[in-house]
Structures are given as C-alpha cells and as structure tokens.
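Report on the following structure.
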Amino acid sequence: MTSDQDQGRPRKIVHIDMDAFYASVEQRDNPELRGLPVAVGSPAARGVVAAASYEAREFGVHSAMPSVTARRKCPDLVFVPPRFDVYKTVSLQIRTIFAEYTPLIEPLSLDEAYLDVTENLKGMEIATEIAAEIRARIKATTGLNASAGISYNKFLAKMASDLNKPNGQAVITPKNGPGFVEQLPVKKFHGVGPATAERMHRLGIETGADLKDQTLEFLIQLFGKSGPYFYGIARGIDNREVRPDRVRKSVGAEDTFAEDIHSFEPAREGLQPLIEKIWRYCEANDIGAKTVTLKVKFADFSQITRSRTFPEALPAITGLEDAVSLLLAPIFPPRQGIRLLGVTLSSLEGRTPVVEPQLRLVF
C-alpha cells in the first residue's frame, strides 16, 4: 500500500477510545451498578483504582488513584474486582469490527487503538463517517459507548478523541491542527508525562506555542530522543505510521511527588500505584516480564536506575512488589530527597495466567 504522505495527501487516522471501559462493562453486566459510582479495583488499604465510571469521576475519582483516596472523595463508591477475561473478550469483539474497515490497526491497550482508514475496505471517503459507523457498530455489538478522534496524524487523533467524551467524536483538520496545538497546555499533550510537563514549566514552556518557540537543538539537548517528537507535535506534525505489527519492548510508569521523600515507607507507598498500573497492563495483555528496573530521581535532578533480571517471568504481582522493595531498600537513607520514582518491566514475553497468585518469589 503506497504511503499517502508520499503522494502529498494527508492520512486519515482514527483513534477509538472506549469510555470508562472496565467500569462500563461491569455496569452493563450488572444492572444494579448502573447509575452508581463504580470503581474497578480493590478497596484494600494499598489497593488502586483500575477504572472509574463517569458517576465516580464526578467526585474526582480516576484510574491509578489509591483506593483510600477514592473512598474519601466518594464514600458511596462501589468497588468491583476486575474481570480481565471478560474485558479481553469484549476487546476482541471490538477489534473484529475494526478489521472490517482496515487492516491497519494498532492497538494501544484493550480499550483503545489507532486505525488508518485512508484507504479502507469499505471504500468510504469521509473519515468522520467511518468513525461514527464504527462507534455505532460497537454500541450495537457490545452495548458500550466509544469515543473517537479523527485527524491527519496519530498525535492529533489521540488528542481529538478526548474532546467530546463520553460517547462523542471530534475532528482536527490539517488547517486547524497547528492552531489547536498552539493553545493546548503541554501537560495535556499525549507523550508528555507529569515529570516532563513540570520540567517544561520550569523552562517557561506552558503551551504548544511556547514549545514551538524552542529550537530543535534545544529540545534535543533537554529531552534527548524525545526532542524531535516534541519539536514536531508543537507544529502539528507527527509522521508516525499506524503499525499493526508494533511490538512493545517495555512497560513502565513513574510519578513526581509533591514533596521530596526521605524514608523508605513513603517511597514504597508511592510506588504501589505504579506497580498496580503496569501489572494491570501485563494481565490485560497476557504479558510476562523477566526484568524489573527501578528509577530514582533526586532533588537535584540527578538520577539512578537499579535493575534485576530473573530466570523466568514474574508469576504474580506479589513477585513484582518484592522485587521493587529489594531494589529500593539499599537506596535508604538517600543522600538527598527523592522527587521521582518509576518502575519499568522489560524482557517482555507472552505468559500463561497464574494458577496460584498467592505464591511469592523466593530470593
């Protein structure tokens, strides 16, 4: 298939994002939960919200939030345990619908994907009509709502899918793309995490317009290999293709703390939501990992990483928790306060679901 950008034509990219996917599946399958604030996850003291219904979001509850915080924000919050097998089944139904329109599908997770519909199997010319038809098909097949973003590149399609949530869609045209980016706060950019956004803010970069004012050399110096990406998206440019064969090499999460951490227990507690988040991704995608890497950034922005590789993929989240704790403990007492912690899993491979998740690793 010839690249449309090679021919001077803009691509037609659709980003489909299911609305509150896990929570919506639970409300669909249990009518008693409909209209109630629902959190998928564990209510335990160290539990984390995996997904929140829109009723719960009205109280400020969101995914990756500690369960105790979520309960404090919404005392009537109903917790339900995740059912990943069900979510995978529904996700497969959705991807089957995608495949009726294009073979160029790049799943990001169970509940979202990029589709290149420039040359689609239906012969439809208007991408917004394709997105609307796909959303209607998803609703008819699964009973669930999906939102969509339509644009000429992946970055803007992703940003557009958030504009009219839930159960809506938006388009960002080539004419409007650069202007849309200029007014957008950098903290809302896909690919700019909290730590990077904070670093940009310290440099006076608050919006896309501010980012556009920076030279490529400056962005490479400050942000390394991400510099060219930031330089491009600040101008509404993103030449990444939709890649059906994309293989993820690692999965990770990190967090910058409001106050520097100086002792082990607050650090370990701060890592728990990150552990839960990446393990949920692994469970949802049947991925195992042999290598655990801990990232520590200190108050002066210097950073270190500590890794451990195991002979076999970690069998359960308890094994990951143990591994992170063992990597973290030798750092204390730290030479100065810790401002950021992160966990990454690599050496990824497909895995068989764990039969006895209560077993812990023996080191």
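Please read these numbers as outputs of a predicted model, since none were measured by experiment. Residue indices begin at 1 and follow the sequence shown.
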I'd like to know if [Y] and [X] are part of one continuous hydrophobic network [Ile/Leu/Val/Met/Phe/Trp/Tyr, side-chain heavy atoms within less than 4.5 Å].
X: Val117; Y: Tyr114; result: no
X: Phe189; Y: Leu222; result: yes
X: Tyr54; Y: Met65; result: no
X: Leu328; Y: Ile304; result: yes
X: Ile237; Y: Phe155; result: no

Over all atoms of both residues, closest heavy-atom pair of [X] and [Y]:
X: Gly270; Y: Phe257; result: CA-CE2, 3.9 Å
X: Leu274; Y: Gly342; result: CD1-CA, 4.1 Å
X: Ala267; Y: Phe332; result: CB-CZ, 3.6 Å
X: Gly208; Y: Val186; result: N-CG1, 4.2 Å
X: Val296; Y: Leu341; result: CG2-CD2, 3.7 Å
X: Ala23; Y: Ser53; result: CB-N, 3.5 Å

> Is Glu206 atom CD crowded by more than 12 heavy atoms from other residues, nucleotides or ligands, each under 6.0 Å away?
Replying inline: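 Count over threshold, so yes.
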>> Surrounding CD of Glu32 (heavy atoms of other residues, nucleotides or ligands, distance under 6.0 Å), is the total greater than 12?
In response: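 Counting neighbours around CD of Glu32, 12 or fewer heavy atoms of other residues, nucleotides or ligands fall under 6.0 Å, so no.
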>> Is there a side chain to side chain contact (heavy atoms under 4.5 Å, CB included) between Ile130 and Lys122? Walk through the geometry before answering.
In response: CA-CA 9 Å; Ile130 297 174; Lys122 299 282 188 177; over 6 Å; no
Answer whether the closest heavy-atom distance between the side chains of [X] and [Y] falls below 4.5 Å.
X: Val49; Y: Pro273; answer: no
X: Phe79; Y: Val38; answer: no
X: Ser307; Y: Val292; answer: no
X: Phe298; Y: Asp260; answer: no
X: Lys139; Y: Leu144; answer: no
X: Asn30; Y: Val80; answer: no
X: Ile150; Y: Ile13; answer: no

Under 3.5 Å, is there a donor-acceptor pair between the side chain of [X] and the main chain of [Y]?
X: Gln169; Y: Thr128; answer: yes
X: Arg71; Y: Pro43; answer: no
X: Ser24; Y: Ala20; answer: yes
X: Arg235; Y: Tyr231; answer: yes
X: Arg11; Y: Glu241; answer: no
X: Arg339; Y: Lys297; answer: no
X: Ser67; Y: Gly47; answer: yes

Presence of salt bridge, [Y] and [X], under 4.0 angstrom:
X: Arg83; Y: Glu26; result: yes
X: Asp17; Y: Lys165; result: yes
X: Arg137; Y: Glu133; result: no
X: Lys154; Y: Glu106; result: yes
X: Lys158; Y: Glu112; result: yes
X: Glu283; Y: Lys88; result: no

Distance in Å, [X] [atom1] paired with [Y] [atom2], rounded so as to fall on 0.5 Å steps:
X: Asp162; Y: His190; atom1: CG; atom2: NE2; answer: 10.0 Å
X: Ile233; Y: Asn153; atom1: CD1; atom2: CG; answer: 9.5 Å
X: Met200; Y: Leu211; atom1: CE; atom2: CG; answer: 5.0 Å
X: Ile134; Y: Ile16; atom1: CD1; atom2: CD1; answer: 5.0 Å
X: Thr102; Y: Asp116; atom1: OG1; atom2: CG; answer: 6.0 Å
X: Tyr152; Y: Thr118; atom1: OH; atom2: OG1; answer: 14.0 Å

When you check the side-chain N and O atoms of [X] and [Y], is any donor under 3.5 Å from an acceptor?
X: Ser250; Y: Ser346; result: no
X: Thr344; Y: Thr293; result: no
X: Arg335; Y: Ser302; result: yes

>> Apply side chain to side chain contact (heavy atoms under 4.5 Å, CB included) to residues Glu254 and Val343 and explain how you reach the verdict.
In response: CA-CA 6 Å; Glu254 61 183 40; Val343 179; over 6 Å; no
Are [X] and [Y] in a cation-pi setup, meaning NZ or CZ lies under 6.0 angstrom from the ring centre and within 45 degrees of the ring axis?
X: Arg268; Y: Phe264; result: no
X: Lys290; Y: Phe310; result: no
X: Arg72; Y: Phe59; result: no
X: Arg95; Y: Phe98; result: no

>> Determine whether Glu217 and Gln221 satisfy the following criterion, side chain to side chain donor-acceptor pair (under 3.5 Å), listing intermediate values before the conclusion.
In response: CA-CA 6 Å; Glu217 292 74 19; Gln221 180 183 352; over 6 Å; no
> Is there a side chain to side chain contact (heavy atoms under 4.5 Å, CB included) between Gln214 and Ile205 once you walk through the steps?
Replying inline: CA-CA 9 Å; Gln214 312 306 313; Ile205 303 172; 3.8 Å; yes
>> If you apply the rule ring pair (Phe, Tyr, Trp, His ring centres under 6.0 Å), what do you find for Phe84 with Tyr22, and how did you get there?
In response: CA-CA 9 Å; Phe84 287 109; Tyr22 297 170; 5.7 Å; yes
>> Asp322 vs Ser325, test: side chain to side chain donor-acceptor pair (under 3.5 Å). Steps then yes/no.
In response: CA-CA 5 Å; Asp322 288 345; Ser325 295; 5.7 Å; no
> Going through the distances and angles, do Asp300 and Gln336 end up as a side chain to side chain donor-acceptor pair (under 3.5 Å)?
Replying inline: CA-CA 8 Å; Asp300 64 355; Gln336 57 180 299; 3.0 Å; yes
>> Could you go through Asn167 and Arg135, starting from their C-alpha distance and side-chain angles, then the distance that decides it, and tell me whether this counts as side chain to side chain donor-acceptor pair (under 3.5 Å)?
In response: CA-CA 8 Å; Asn167 195 28; Arg135 291 175 49 239; 3.2 Å; yes
>> Ser42 vs Val48, test: side chain to side chain contact (heavy atoms under 4.5 Å, CB included). Steps then yes/no.
In response: CA-CA 6 Å; Ser42 169; Val48 177; over 6 Å; no
